Amino acid sequence: MRNLINFITRHYFFFLFALLQVVAMMFIVQNNTYHRSFFINSSNFITGNIYRMQSGITQYFSLKSINEQLMEENTRLRSQIPGSYLSTDQNIFTFRDTLHQRQFLYLNARVINNSVRNRNNHMTLNKGRLHGIRPDMGVIGPNGVIGIVKDVSGNFSSVISLLHSDMQISAKIQKNNHLGTILWQGFDHTKATMLYIPPHVELEKGDTIITSGFSQIFPEGIAIGVIDEFEVRRGDNFYTIDVKLFTDFNKLEYVHVVQNIFLEEVDGLETQNGSGN
Amino acid sequence: MDFKIIKHTGRFLIMIGIQLLILNQIHFSGFITPYLYPLFILLLPFNIKGYTLLLTAFFTGLVIDIFSDSPGMHASATLIMAFLRPAVISLITVKTEFDQDIEPRFDFMGAGWVFIYTLILIFIHHLSLFTLEIFRFADYGETMLQTILSTAFSVGLIMLAHILMGTQKKTKT
């Protein structure tokens with residue numbers, strides 16, 4: 001004990017310095033929000049890393065049960081999806097949209113010809129009238145909207161891609177249901193443009209755009225893309241939104257063709273009271 | 001003895017006053033602020049007791065902190081400077097024994113020695129201060145630039161103060 005006291009008194013200069021320095025640091029950390037948050041954050045960083053390391057080790061022990069869970073989930077999801085890519089020809093799946101009391105039929109097809117570099121792009125599917133495909137049916141891919149069937153022959157059908165100057169798809173912003181129109185202005189097959197969203201709507205980069213379901217061609221809620229950039233151009237009274245498309249049009253292979261069974265009924269009704277187009 | 005206390009207190013008040021009222025308002029090109037108050041620590045006599053030196057430095061910094069709303073930063077930086085002061089003095093001085101109650105001034109040590117002494121300690125002070133202010137080691141180039149430029153200004157200011165005090169002393173004696 002006496003040695004310790006001797007040691008401290010001999011080096012009191014350093015110990016006093018250290019003590020006062022600790023006091024000063026306490027002042028700094030206690031009174032400055034930035035420094036405090038930095039301290040808390042860095043300690044969180046350290047503890048967080050330790051926890052991550054720990055879970056990195058322990059998660060191997062639960063791999064088996066996680067695999068089982070995933071298998072179960074896969075089976076459940078597989079029984080829910082409207083179309084499976086592995087299924088063979090001629091299969092027709094029905095999908096009841098209970099929210100709107102509307103029934104859609106899905107047929108799967110393969111893209112056998114496709115283009116993305118022209119101003120007006122088309123693609124050809126390996127199924128046609130014999131398989132139940134009719135003009136004006138919607139075409140969707142694993143990641144979202146692809147196009148609309150234009151012409152059908154016996155065994156093939158021609159699809160107007162989303163990347164076409166005549167293509168306009170009724171779309172909405174997922175988070176607030178504001179309605180707009182998706183169209184393609186050329187050049188970049190990964191981007192489309194969304195128009196007619198009024199400027200009072202609050203947008204954010206990364207908001208998801210989905211189909212509105214108003215056109216009777218696509219069901220509601222099919223993904224299209226996410227907002228990449230937006231601006232109100234001078235003289236316009238709506239946003240011009242750049243949308244990054246989910247679908248990579250350059251590598252399409254399997255697609256679904258959507259048939260709206262009530263299309264004629266709705267169209268007929270709308271033509272009757274003059275609201276149709 | 002009383003005269004000495006009055007002299008140091010007066011010096012302390014004048015330097016703190018100049019620092020807070022004038023120099024703290026100066027921000028050359030946005031981020032260069034000269035500091036005069038470390039001169040008070042630099043001017044303490046050679047034979048000062050270690051604990052007096054450290055406590056004086058701590059409280060000087062603390063007073064600056066209280067008035068400039070930066071709790072602890074100046075106290076810490078000034079403390080570091082005071083802690084390294086004896087080491088720096090013995091490093092740059094041939095004769096290390098100071099039995100007299102003399103101060104590091106032009107009169108006794110010469111202008112060159114005072115300049116080196118000031119430069120080293122002010123650099124240490126500023127480096128500690130700006131590092132504490134930024135509180136991270138990223139973008140260290142910017143902190144270094146700020147330290148070097150502010151050190152240049154502070155050292156210039158302190159040398160000026162030395163010259164002013166030196167002449168006063170000479171006229172008095």
Side-chain angles (χ1 to χ4, degrees), chain A residues 1-59 204-207 226-231 244, chain B residues 37-38 41 44 46-91 96 121 124-140 143:
Chain A
M1 191 64 198
R2 195 193 293 150
N3 281 343
L4 182 67
I5 291 168
N6 274 343
F7 180 74
I8 289 174
T9 45
R10 209 173 323 126
H11 298 280
Y12 82 94
F13 189 63
F14 174 75
F15 283 108
L16 185 65
F17 165 72
L19 181 75
L20 290 175
Q21 196 60 256
V22 168
V23 174
M25 284 296 169
M26 262 160 58
F27 277 126
I28 293 177
V29 173
Q30 288 237 311
N31 292 300
N32 297 51
T33 35
Y34 168 68
H35 291 79
R36 187 165 55 226
S37 69
F38 183 87
F39 249 115
I40 292 167
N41 281 345
S42 39
S43 51
N44 278 354
F45 177 75
I46 293 163
T47 49
N49 267 335
I50 291 170
Y51 282 134
R52 203 180 57 193
M53 225 147 63
Q54 187 207 6
S55 76
I57 294 165
T58 52
Q59 71 181 356
E204 239 173 293
K205 215 174 152 176
D207 285 352
V226 291
I227 295 181
D228 194 27
E229 272 172 40
F230 55 90
E231 59 164 330
K244 189 157 183 13
Chain B
Y37 77 90
I41 307 301
L44 291 172
F46 282 115
N47 64 347
I48 190 169
K49 292 273 187 298
Y51 56 85
T52 324
L53 178 66
L54 289 179
L55 288 172
T56 314
F58 183 73
F59 284 110
T60 311
L62 208 57
V63 169
I64 298 286
D65 277 332
I66 288 165
F67 285 102
S68 53
D69 223 18
S70 58
M73 281 183 240
H74 287 281
S76 174
T78 317
L79 194 62
I80 290 171
M81 185 184 79
F83 176 68
L84 292 173
R85 195 187 98 138
V88 171
I89 288 175
S90 63
L91 191 76
T96 44
L121 285 176
I124 290 167
H125 174 269
H126 284 19
L127 187 63
S128 329
L129 181 65
F130 294 133
T131 308
L132 282 168
E133 218 166 45
I134 298 269
F135 219 62
R136 62 194 146 95
F137 289 98
D139 308 325
Y140 215 75
T143 315

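Fair warning: this is a prediction, and the values are worked out from it, not measured in the lab. Note on naming: letters A, B, ... go to the chains in the order of the sequence lines (proteins, then strands), and numbering restarts at 1 for each one. We use all heavy atoms of the structure for the numbers below, so side chains are in, but hydrogens, waters and symmetry mates are not.
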Practice item. Could you pull out the closest heavy-atom pair between A/Gln21 and B/Leu79, with the gap in Å? Key: N-CD2, 3.2 Å
Exercise for review: Return the minimal non-hydrogen interatomic distance between A/Ile28 and B/Ser76, and the atom names on each side.
Suggested key: CD1-CB, 4.4 Å
Check your understanding: Mind checking what makes salt bridge (Lys or Arg N to Asp or Glu O under 4.0 Å) contact with A/Asp207, not counting sequence neighbours?
Key -> A/Lys175
Point to revise | Atom pair CZ (B/Phe58) and CZ (A/Phe17), whose distance is rounded to the nearest 0.5 Å | key: 11.5 Å
Exercise for review: Can you tell which part of B/Ile80 gets under 4.5 Å to a heavy atom of chain A, answering side chain, backbone, both or neither?
Suggested key: both
Review point. Below 6.0 angstrom between ring centroids: does that apply to B/Phe83 and A/Phe13?
Key: yes
Exercise for review: Quick one: list whatever passes salt bridge (Lys or Arg N to Asp or Glu O under 4.0 Å) with A/Glu229, sequence neighbours left out.
Suggested key: none
**Study point:** Per-residue contact mode, B/Ala82 against chain A (heavy atom under 4.5 angstrom)
**Key:** backbone
Exercise for review: Could you grab the distance from atom CZ of A/Phe27 to atom CD1 of B/Ile66, nearest 0.5 Å is fine?
Suggested key: 7.5 Å
**Study point:** Interface moiety of B/Tyr51 toward chain A, non-hydrogen atoms closer than 4.5 Å
**Key:** both
Exercise for review: Indicate the atoms forming the closest heavy-atom contact of A/Leu16 with B/Leu55, along with that distance.
Suggested key: CD2-CG, 4.4 Å
Point to revise | Exceeds 12 heavy-atom contacts within 6.0 angstrom, atom OH of A/Tyr12 | key: yes
